[in-house]
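Just so we're on the same page: letters track the sequence lines, and every chain starts at 1.
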There are 2 protein chains.
Amino acid sequence: MSKGRVTVIDIAHAADVSKSTVSLVLQGSPLVNEATRAKVNAVIRELGYVYNRGAANLRQAKSKIVGIVVNDLTNSFFAELAVGVDMVVQSAGYVQFLSNTGESIDRQREVVASMREHGISGLIVSPARGTDAADFKPLTNAGIPVVIVVRNIPGAKVSSLVSDNFAGASAAVEHLVGLGHRRISFMGGFANTAVFAERLGGYRDALAKAGITFDDELVVATAPSRAGGVEAVGRAMLLADKPTAAVCFNDAVAFGVCDGLRARRLEPGVDFAVVGFDDVIEAESAVPALTTISVDPQGMGRRAAQLLLKQINSGKVEAEAIVSAVRLVVRQSSGLALDTTARRAVS
Amino acid sequence: MSKGRVTVIDIAHAADVSKSTVSLVLQGSPLVNEATRAKVNAVIRELGYVYNRGAANLRQAKSKIVGIVVNDLTNSFFAELAVGVDMVVQSAGYVQFLSNTGESIDRQREVVASMREHGISGLIVSPARGTDAADFKPLTNAGIPVVIVVRNIPGAKVSSLVSDNFAGASAAVEHLVGLGHRRISFMGGFANTAVFAERLGGYRDALAKAGITFDDELVVATAPSRAGGVEAVGRAMLLADKPTAAVCFNDAVAFGVCDGLRARRLEPGVDFAVVGFDDVIEAESAVPALTTISVDPQGMGRRAAQLLLKQINSGKVEAEAIVSAVRLVVRQSSGLALDTTARRAVS
DNA sequence: GAGATTATTTGGAACGTTCCAAATTTTGTC
DNA sequence: GACAAAATTTGGAACGTTCCAAATAATCTC
């Protein structure tokens, strides 16, 4: 009693009841008499008892732990996502294992295995590039619900929650066309990813609808990072028929594009229109404020967590695919209508 | 055998050995014969056995779980920190509970309690503002090592790892003085925090060493965010004797200061020198690139994790206070020497 | 106040692992 | 091939909880 941790049996002795009764109290069962409940609770506080969830799980096989693995926590988009998940998970009385894979498939496999050993009862994952659809089979086979977020994995028979990339890119193009642009570039992103394909699809579709013929040269794929954005501008500006606007793969790229423009003495939002994708937290306060497609990563995190919890509680592993609506947020980086700009430049 | 999960006993039966032997194999004990080991391992793979760490912990009272709670994961400084922790924790075979408190003391208390119930064997915490030194007493009493990072809590008898705020601010001032500045403002941060006090202390000390008298008006405390930086510039520019340079509480503030300067048609790094603090990932690629005090949050995360693991393994809870060295990284935002700038402006 | 109800409490037996002490097998020695 | 020594294997008994069936206590009914 002096050394080891305080257990339910210690409480039982001290409160002069059986361990079963203590257990009932712990679970807030209505079966126990108010007086005994009070007595037990008093002893619990007095002895500084701490509940051992591990032992409980062993018996009930139902942990209050979910796992979340993201491919790049360094990217504030994913950090926001994690925060969103954390919020709902926390208030549902769960706790989350969080791991960062840094886009490494091996690491991802390791952490998922480790989480499984630790008895997670659900998993949210933003998969590393190149993740195989079969990688989550063991989880689902064991009845552990999995929700894939952000990046879809074609063929995986698990739930997914991705943003409407097609509609987003499409809206960005429409916006630029509305401002008078016709040479619109698509900048950044790795070409062999599902997200890239979806966004590029939206871009092409909107161009077609506007009667603008698609020009291969205007899509410049680079790393989806700030540096990638800088590189993209560099390549695009080598063209004979230069673009006057760009829809970027994501906000990081968009910021890089702004940097690159400035390095060429072009002011984003004045001399060149740029639209981002994601609406990260800095997008609003940047100069110029970034016109972008808002996907509300924190909200996505919350929805993903809600979906996961729903599946955990319902006990059915039926896959559900949600595409999350996005909306265009017009700020300064896309500038005024082209005509106006032209007039200003002349005067 | 058909329904429930595969257990060590199932393996034992299938491999025709005892459960003890299986356990030995699982732990990689040298006591077991190579042939049996191979046989058991084969069966393990074949049956798709997954180790139940919960059950193991119950017996050994030694989990492979650490907790990490941060006050604001949305801030990329802390996200980086978490990634650093994750790296070493992962490769040591541990897994981490991560929770975000969003500066809420109540939430912090909740998650720490929850983590404790889940049996963490160590905790790394970047405490929410206003955390009481006594809050971690129960943990340490139970022999669970705690490492406080980033923000020190005076009086807490636990290990801590903070960056050398005094030296950092001091170096920033020296750098600016070296460039010829004499009206140097200190911008951003909440005045009632330990970190603020330390950085302001370094600032004052360096001013004194340079023979510049400290002017109260030049320290403008605001929220430690981008918006706070904008606000700070606004306030500082109301002064009769305006500053020509600023050392900022952190990089977020510094970016805000740049925004604010631009809004006033001043170019950071040309018309006004700004130095940040933290060296977040965007500092390098921003325009202008931010001169800042590099604290390498990811490195801090790694060191914190190493310290924690050391304490977990050694079994002693002796508190250790580490202050992590910082270094000045000169980029463009602090500009050229004042004279030069002046000459350029005239020409 | 006896019998029937209802409310409360309670000992085991799990859960899946590790540990211990002891049993068994193998190897070595002469 | 008998004995000792070393190597390997093995049954229980934990660990701290929850669950079940059953026991006990309290209340009601006439």
Atom CZ of R5(A) and atom P of dC15(D): how far apart are they, to the nearest Å?
12 Å
Name all residues meeting the ring-ring contact (aromatic ring centres under 6.0 Å, His included) criterion together with Y51(A); count only those two or more places apart in sequence or in a different chain, and write none if there are none.
none
Where at least one partner belongs to residues 107-146 of chain A, residue pairs that pass ring pair (Phe, Tyr, Trp, His ring centres under 6.0 Å), sequence neighbours excluded
F97(A)-H118(A)
Please list each protein N or O that sits under 3.5 Å from an N or O in nucleotides 7-10 of chain C, with the distance.
residue, atom, partner, partner atom, Å
dT9(C), OP1, T36(A), OG1, 2.8
dT9(C), OP2, N33(A), N, 3.1
dT9(C), OP2, T36(A), OG1, 3.4
dT10(C), OP2, S18(A), N, 2.8
dT10(C), OP2, S18(A), OG, 3.3
dT10(C), OP2, T21(A), OG1, 2.8

T7(B) meets the side-chain hydrogen bond (donor to acceptor under 3.5 Å, both in side chains) criterion, sequence neighbours left out, with none
Can you list everything that forms a side chain to side chain contact (heavy atoms under 4.5 Å, CB included) with R109(B)? Sequence neighbours excluded, please.
I105(B), D106(B), D135(B)
Terminal helix-axis angle for the helix from dG1(C)-dC30(D) to dC30(C)-dG1(D), with five pairs defining each axis and rounding to 10 degrees:
30°
Does R37(A) have any side-chain hydrogen bond (donor to acceptor under 3.5 Å, both in side chains) partners at least two apart in sequence or in another chain, and if so, which?
E34(A)
Heavy atoms only, 4.0 Å cut-off, all strands: where does S23(B) land among base, sugar-phosphate and nothing?
base
Distance check needed: dC20(D) P versus Q27(A) CD, whole Å only.
11 Å
Just to verify, what does S23(B) make a side-chain hydrogen bond (donor to acceptor under 3.5 Å, both in side chains) with, not counting sequence neighbours?
Q27(B)
Nearest whole Å is fine: how far is dT17(D) C1' from L26(A) CG?
9 Å
Can you name the salt bridge (charged side-chain N to carboxylate O under 4.0 Å, His left out) partners of R53(B), sequence neighbours left out?
E117(A)
Can you list every side chain to side chain donor-acceptor pair (under 3.5 Å) pair that touches residues 70-99 of chain A, not counting sequence neighbours?
N71(A)-E103(A), N71(A)-S126(A), D86(A)-Q90(A), D86(A)-Q96(A), Q90(A)-R107(B)
Any N/O pairs under 3.5 Å between the protein and nucleotides 24-28 of chain D? List them or say none.
none

Distance check, rounded to the nearest 0.5 Å: L307(B) atom CG versus S159(B) atom OG?
5.0 Å
CD1 (I11(A)) and CD1 (I44(A)) are apart, to the nearest 0.5 Å, by 5.5 Å
Quiz question: by atom type and distance under 3.5 Å, do the side chains of T193(A) and R129(A) form a donor-acceptor pair?
no
Would you jot down, in residue-number order, the residues of residues 50-63 of chain A having a non-hydrogen atom under 4.0 Å from DNA chain C?
L58(A), R59(A)
